[in-house]
Amino acid sequence: MSLQRGAAGLAAVALIFSLAAGACNQGGGSSTIQVDDAWARSSPQMAMAGAVYLTIANTGSADDALVAASVPSSVAATAEIHETVEGESDGMMAMRPVERMVVPANGSVALEPGGYHVMLLDLAAPLEAGTTIEVTLSFEGAGEMVITAEVREAGM
Ligand SMILES: [Cu+2]
């Protein structure tokens, strides 16, 4: 499985990064990336797609980048990192996939409505408020991290 090899590669990179940074944290997982307030909007019955929002903080001294996201197939077939942009010609809001979202050293990036988000494509079932979704985030430096997003009622 190429995914497995990819994960191993990321883990190796993460190891190099933490050695280079002189990290002394034990017990696995990255100490430099923190994810907060992960949530998804509940989806109407007919919706084929959903979005997950969260805030990523990088407490390390080196830039990192979110390079992939995935969810169990029981949630959606595909997850992509998207950016919402205003079309230059028509002013309409559109989304485009992002291959690499930088999380600056000692900084943070918010994935929020109208901006970056983790797009869930081909939902297996509607996202129901009160449930949770496990999202695996892959970082260039910090490797993989599984976070839990809470599904909240659509609307304000
Ligand atoms: Cu999107």
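We count ligands from 1, going down the list as the structure has it; atoms in each ligand are counted the same way. Given the structure is predicted, the values throughout are model-derived calculations rather than measurements. Note that these values count all heavy atoms, side chains included, but never hydrogens, waters or copies made by symmetry.
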- Quick one: are L54 and L137 in side-chain contact, heavy atoms under 4.5 Å? yes
- So which residues get pulled into M119's cluster when ILVMFWY side chains under 4.5 Å apart are joined, directly or through others? M95, L121
- Note on the structure: Under 2.8 Å from the Cu ion (ligand 1), protein N/O/S atoms total 4
- Query: Taking L120 as the fixed residue, which of V135, T78, L127 is the one that meets the side-chain contact (heavy atoms from CB on, under 4.5 Å) rule?
  - Reply: L127
- Query: Run the side chain to side chain contact (heavy atoms under 4.5 Å, CB included) check on L111 and I56 step by step: do they pass?
  - Reply: CA-CA 8 Å; L111 289 79; I56 303 169; 3.9 Å; yes
- Query: Just by modelled atom types, is the I33 backbone N or O under 3.5 Å from a matching donor or acceptor in the D64 side chain?
  - Reply: no
- Task: In plain terms, say whether R152 and D37 are close enough for a salt bridge, that is, a side-chain N and a carboxylate O under 4.0 Å apart.
- Result: yes
